[in-house]
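Here the structure comes first, spelled out in structure tokens, and everything after it is commentary.
Note that these values count all heavy atoms, side chains included, but never hydrogens, waters or copies made by symmetry. Just so we're on the same page: letters track the sequence lines, and every chain starts at 1.
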Amino acid sequence: MHVPDGFLDVPTSVGTAVVAATGVGLALRGARRELDDRTAPLAGLVAAFVFAAQMLNFPVGAGTSGHLLGGALAAVLVGPWTATLSIAVVLLVQGLLFADGGLTALGTNVTLMGLVGVWTGWLVFRTVQGLLPKRVSMVVPAAAVAAFVSVPVAALAFTGLYAVGGQAPIPLGSLATAMLGWHTLIGLGEAAITGLVVSAVVAVRPDLVHGARRVLATRKLVVVRPERDEVAA
Amino acid sequence: MGAGHGHQLHFHGHSPVHRMPAHLKLLSLLSFIVLVVATPREQYWAFVVYALLLAGVVAISGVPAGYLLRRMVVEVPFVVFAALMPFVATGPRVQVGPFTVSEAGLLAAWGLLAKGTLGVLASLTLGATTEPRDLLLGLERLRLPHQLVQIMGFMMRYLEVVTDELRRMRIARESRGFTATSVRAWPALGSTAGALFIRSYERGERIHLAMLSRGYNGRLPVTHQAAATPAQWAQAGILPALALATAVLAVAL
């Protein structure tokens, strides 16, 4: 999904760079609310985690495998502001040091994955969480649905950008259909992986999952007393 | 953790390209790529000039061409996309070998390949000649928000620690006879990623406490100034100046 140099024309790239810079600027303020002065080390380590998690190959069968994109996952785990920053920094490092994604397309990539991917994921997550029963176990399906929706929406956003500044005359209808169809499949994989990862974290450290905080706060402390004879034995 | 100090792409050297302050390199690279992207793709010769200019920089840097070429595999998915372009694009058709393809699509594919390849090669040259620490200083000098530079610094500093953690988890899985071949392996891989998140996050918390105990107050001390001499500014300007001349000619012709 990394857009390279020369894919979109210069005005569109400049436009998305302005959008990305504004979004990241807002996220810098917002993240301070989520993490205060822990922002730098924690967002940095979350970015390193996202980068590493993208290297983990999930076999699909027939010798192919997919990997995580991580926008919705990061939003659910650490909150949307910190997730925006982390994804933006991952893309910056990938662009500058690994030549993955063009430098002039950096704004486009941050807009698509850091802003559209993360925030669609977060809004869908909150909506689904509001509809489901208020239990910690419900964080997992909500995160999976969020991941599923965020991927095709980002693909649709890309199609929109392509309609504005694309460099090849591909009929928009068929591009949109191909992008949506393909990314719905990718979204299914992303949903499964996101759900598995969130459930693994919720099982051990539910307090770390940003999206579970609201539910955890309403949970009552239950002290389970052992049976008397068990203690005696 | 016993790895070297450079990142994966870095090629150690002392050439003028290596010694140039990172902010100049970044500016030079960015203006070069913007000019390449802005050049009309019908001017085939302009892209040959750009490629020669870039080859000149690579030659001065002393980074072996094979070293960079091998790393151009990041471009592969995008080459596939460009190769499909002539078949899906609309417009008048032309005969190329056994295929009837769209003329406009063929031109678009050429444009994408030329611009994308130059972009990848230019970025790889930056990566090969710049230490991560210098890159951070350069970004800071280019007025990237302090907070963002700090986050990037922590990410790059701990990237190898985190990927090493992932590698150890893989070795642990494999030594228990685990091979990931189908979707059935996903739960195990998912909990690996979950464990990796918890370890990374907790490491972040420990780092923060360690920083606090050393008097961290939101800013990192500046230990090294990356100042540029006028001569270095002039050197860094050569590539964009030649590229600008090429681009102006290409647009005018």
Name the region of [X], side chain, backbone, both or neither, that has any atom closer than 4.5 Å to a heavy atom of chain A.
X        : value
B/Glu202 : side chain
B/Met152 : both
B/Leu124 : both
B/Leu135 : side chain
B/Leu26  : side chain
B/Arg170 : neither
B/Leu212 : side chain
B/Leu106 : neither

Flag the one option from [options] with the top tally of heavy-atom pairs under 4.5 Å to chain A.
options                                : value
B/Met156, B/Arg184, B/Arg199, B/Glu165 : B/Met156
B/Val120, B/Thr192, B/Leu30            : B/Val120
B/Leu209, B/Ile198, B/Val34            : B/Ile198

Answer with yes or no after comparing the ring centroid distance for A/Trp119 and A/Trp81 against a 6.0 Å cut-off, counting only values under it.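 Yes, the ring centres sit under 6.0 Å apart.
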Using non-hydrogen atoms and a 4.5 Å limit, figure out which bit of [X] sits close to chain B: side chain, backbone, both or neither.
X        : answer
A/Leu28  : side chain
A/Val201 : both
A/Leu8   : backbone
A/Val198 : neither
A/Val50  : neither

Side-chain heavy atoms of [X] within contact of [Y], under 4.5 Å:
X        : Y        : result
B/Val251 : B/Pro40  : yes
B/Leu118 : B/Ile33  : no
A/Arg213 : A/Asp207 : no
A/Val136 : A/Val202 : yes
A/Thr184 : A/Phe148 : yes
B/Met211 : B/Ile207 : yes

Would you say the side chains of B/Gln150 and B/Glu140 form a donor-acceptor pair under 3.5 Å?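 No, because no side-chain N or O of B/Gln150 sits under 3.5 Å from a partner of the opposite role on B/Glu140.
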Looking only at the side chains, is there a donor atom on one of B/Tyr50 and B/Thr39 sitting less than 3.5 Å from an acceptor on the other?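 Short answer, yes.
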Selection from [options] maximising heavy-atom pairs under 4.5 Å formed with chain B:
options                     : answer
A/Ile193, A/Val24, A/Leu56  : A/Leu56
A/Ala52, A/Pro41, A/Gly95   : A/Pro41
A/Val197, A/Val10, A/Val90  : A/Val197
A/Leu96, A/Thr194, A/Val46  : A/Leu96
A/Ala48, A/Ala200, A/Ala192 : A/Ala48
A/Leu77, A/Leu92, A/Leu73   : A/Leu77

Between B/Leu121 and B/Thr125, which heavy-atom pair has the shortest distance, and what is it? O-OG1, 2.7 Å
For the [atom1] atom of [X] and the [atom2] atom of [Y], what is their distance to the nearest 0.5 Å?
X        : Y        : atom1 : atom2 : value
B/Leu159 : B/Phe154 : CG    : CZ    : 14.5 Å
B/Asp164 : B/Met169 : CG    : CE    : 11.5 Å
B/Ser31  : B/Leu239 : OG    : CG    : 7.5 Å

With distance as the sole test, does A/Asp5 use its side chain to make a donor-acceptor pair with the main-chain N or O of B/Gly116 at under 3.5 Å?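 No, A/Asp5 side chain to B/Gly116 backbone: no donor-acceptor pair under 3.5 Å.
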Taking the side chain from B/His18 and the backbone from B/Phe11, do they hold a donor-acceptor pair closer than 3.5 Å?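 Looks like yes, one N/O pair under 3.5 Å.
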For chain A, which residues of residues 107-114 of chain B have heavy atoms nearer than 4.5 angstrom: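 So far as heavy atoms go, B/Ala108, B/Leu112 are the residues that approach chain A to under 4.5 Å.
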Anything under 30° is parallel, anything over 60° is perpendicular, the rest tilted; go ahead and classify A/Phe98 against A/Phe51.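 Ring orientation of A/Phe98 relative to A/Phe51: tilted.
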On the 0 to 90° scale, with breaks at 30° and 60°, tag the A/Phe158-A/Phe7 ring pair as parallel, tilted or perpendicular.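 Tilted: the ring planes of A/Phe158 and A/Phe7 meet at 30° to 60°.
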